[in-house]
Amino acid sequence: KGLCQGRLWGCFDEFNRITLPVLSVVAQQVLAIQNAKKQGVSLFQFPGDPQNVTLKPVCAFFITMNPGYAGRQELPENLKALFRGVAMMT
């Protein structure tokens with residue numbers, strides 16, 4: 001809610017260390033935000049929450065992942081579809 005209401009950008013580092021039940025909730029919330037931005041509305045609700053959230057359309061969210069390390073997991077397909085993949089090589 002804070003990112004949407006505060007015109008903020010957020011970067012969530014090592015996103016694939018989050019447990020699957022939490023990732024499922026995050027997927028629903030990200031989808032709700034993206035749908036609200038596409039519809040051009042200024043208020044929306046997260047699934048299961050009756051409280052209106054103010055949407056400032058400049059808000060954005062980014063994730064980083066370090067695949068292949070112990071304790072990391074693959075993102076569910078429904079969550080992968082909400083983000084654009086970018087690879088970095090050093």
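Positions are given from 1, in the same order as the sequence printed here.
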Spacing of Lys80 atom NZ and Ile63 atom CD1 [to the nearest 0.5 Å]: 10.5 Å

Phe15 reachable from Leu8 in the ILVMFWY side-chain graph, under 4.5 Å edges: yes

Cluster overlap Val41 with Val58, hydrophobic side-chain contacts below 4.5 Å: no

Joint cluster assignment, Leu55 & Phe62, ILVMFWY side-chain distance < 4.5 Å: no

Closest non-hydrogen atom pair between Leu3 and Cys59, with its separation: O-CB, 3.2 Å

Test log, rule side chain to side chain contact (heavy atoms under 4.5 Å, CB included), inputs Phe83 and Leu75: CA-CA 11 Å; Phe83 291 93; Leu75 293 184; 5.6 Å; no

Rounded distance (nearest 0.5 Å) linking atom CG of Asn66 with atom CG of Asp13: 7.0 Å

Note, Phe12 side chain near Ile18 side chain (heavy atom, < 4.5 Å): no

Phe61 vs Ile33 side-chain heavy atoms within contact, under 4.5 Å: yes

Heavy-atom pair of closest approach, residues Phe46 and Ala32: CD2-CB, 4.0 Å

Shortest non-hydrogen contact from Asn78 toward Leu82: O-CG, 3.4 Å

Donor-acceptor contact present, side-chain Lys37 to main-chain Ala60, <3.5 Å: no

Interatomic distance, Gln5 atom CD to Leu43 atom CG [nearest 0.5 angstrom]: 9.0 Å

Partners passing side-chain contact (heavy atoms from CB on, under 4.5 Å) against Pro57 (at least two apart in sequence or in another chain): none

Val53 side chain reached by Gln45 side chain, heavy atoms, under 4.5 Å: no

Spacing of CG belonging to Asp49 relative to CD belonging to Gln28, to within rounding of 0.5 Å: 12.0 Å

